Amino acid sequence: MARKTHRPAGSDPGALPPEKGPAGPPGRLLRLGGPAVAATGLTATVALYMALVAFGNITDFGTNQQFVRHVLSMDTTFRDPDLMWRAIESPALQNAAYVAVIVWEALAALVLLAATLLWIAGLRGAAYHRARAASTVGLVMVLLLFGMGFLAIGGEWFAMWQSSDWNGLDAAARNVALAGFALLVVHLPAEPPVRVRSRRPR
């Protein structure tokens, strides 16, 4: 008579061995390559960039003030009569627009800095909802500034593309690309890995 092999109660010969979660140093190293860490780094990068842009415009107010004045007055474009009616030649309005840009840059930097801190806190507890929401607000602010403000309004409405001296379209396009890429990474799934347990007979 063939003997029956004794197995511990609750064991399943067809069950796969349980997968180990990211515990220990190897698991922590693997988490450094996850989407949440990438989102943290990109958010911090854009936050620092916007903070430096705002700081530069505040401490060196005159340089980009001239840029805004020339773009709004359209004095270095082809000066097509069909377009020149769009020009804003009032110094008060030009300065108001420039100050509004600086305030927007500073606010975007503050929002993204707060988002970076939320991402760092979220990495400890794998909670990213607030960090993702804050990053989205800050990055959309950057997209609106450089996409709508510089590319659309400055580039098309005020014909900045016609100027060879005061043309910020290339820089604006780079900023839109950076913010857009960061926004995509921020919205990648960043949930903590799920531990798989072996199946047990019911």
Side-chain angles (χ1 to χ4, degrees), residues 31-72 76 94-190:
R31 288 187 63 184
L32 291 178
V37 176
T40 305
L42 283 169
T43 301
T45 299
V46 183
L48 177 62
Y49 174 76
M50 293 303 298
L52 293 176
V53 169
F55 180 76
N57 286 336
I58 293 171
T59 57
D60 186 19
F61 189 86
T63 299
N64 280 332
Q65 181 187 32
Q66 294 302 314
F67 171 81
V68 172
R69 284 184 174 179
H70 284 290
V71 170
L72 296 182
T76 58
Q94 293 171 350
N95 289 334
Y98 183 41
V99 171
V101 168
I102 295 175
V103 171
W104 190 270
E105 291 168 345
L107 288 176
L110 290 175
V111 172
L112 289 170
L113 177 60
T116 301
L117 297 178
L118 289 173
W119 277 110
I120 293 173
L123 289 175
R124 300 173 182 174
Y128 309 118
H129 178 72
R130 295 176 62 191
R132 184 176 286 116
S135 290
T136 300
V137 172
L139 292 170
V140 168
M141 290 179 70
V142 176
L143 290 173
L144 288 175
L145 175 63
F146 293 106
M148 181 184 294
F150 283 80
L151 293 180
I153 298 176
E156 293 301 322
W157 183 257
F158 291 106
M160 184 167 56
W161 65 271
Q162 297 180 2
S163 176
S164 58
D165 297 324
W166 302 97
N167 191 323
L169 294 179
D170 288 342
R174 290 194 299 268
N175 294 334
V176 168
L178 175 60
F181 177 70
L183 190 61
L184 289 176
V185 174
V186 160
H187 283 273
L188 289 177

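Counting from 1, the numbers follow the sequence of the chain as shown. In this text, all values refer to a predicted model and were calculated from it rather than measured experimentally.
Summarising the geometry, atom OH belonging to Tyr98 is positioned 4.0 Å from atom CG belonging to Asn57; distances are rounded to the nearest 0.5 Å. Summarising the geometry, atom CZ belonging to Arg130 is positioned 11.0 Å from atom CG belonging to Leu117; distances are rounded to the nearest 0.5 Å. Going from atom CG of Leu112 over to atom OG1 of Thr116 covers 6.5 Å, rounded to the nearest 0.5 Å. Within the model, atoms CD of Glu105 and CG of Asn64 stand 8.0 Å from one another, a figure rounded to the nearest 0.5 Å.
Nearest heavy-atom pair across Thr63 and Asp60 is OG1-OD2, 2.7 Å. Between Trp161 and Gly155 the shortest heavy-atom distance is CD1-O, 2.9 Å. Minimum heavy-atom separation, Leu183 to Thr136: CD1-CA, 3.9 Å. Taking each heavy atom of Ala47 and Ala109 in turn, the nearest pair found is O-CB, 4.0 Å. Among all heavy-atom pairs drawn from Ser163 and Thr76, the shortest one is OG-OG1, 2.8 Å. Considering every non-hydrogen atom in both Val111 and Ala134, the closest pair reads CG1-O, 3.5 Å.
Using a 4.5 Å heavy-atom cutoff, the side chains of Leu169 and Phe150 are not in contact. Residues Val186 and Trp119 have side chains in contact (heavy-atom distance under 4.5 Å, counting atoms from C-beta outward). Looking only at side-chain heavy atoms (C-beta outward), Met160 and Leu151 stay at 4.5 Å or farther from each other. At a threshold of 4.5 Å between non-hydrogen side-chain atoms, the residues Leu184 and Leu188 do not count as touching. Contact check for Val142 versus Met50: side-chain heavy atoms found under the 4.5 Å cut-off. At a threshold of 4.5 Å between non-hydrogen side-chain atoms, the residues Phe61 and Ile102 count as touching.
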Check the pair Leu123, Thr40 against side chain to side chain contact (heavy atoms under 4.5 Å, CB included), reporting the backbone distance first and the verdict last. CA-CA 9 Å; Leu123 289 175; Thr40 305; 3.9 Å; yes

Please walk me through it: do Leu118 and Tyr128 pass side chain to side chain contact (heavy atoms under 4.5 Å, CB included)? CA-CA 8 Å; Leu118 289 173; Tyr128 309 118; over 6 Å; no

Would you sort out whether Met141 and Leu107 count as a side chain to side chain contact (heavy atoms under 4.5 Å, CB included), showing the intermediate values? CA-CA 9 Å; Met141 290 179 70; Leu107 288 176; 3.8 Å; yes

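Between Phe146 and Tyr49, the ring-plane angle classifies as tilted under the 30° and 60° cut-offs. Using cut-offs of 30° and 60° on the angle between ring planes, the pair Trp166 and Phe67 is tilted.
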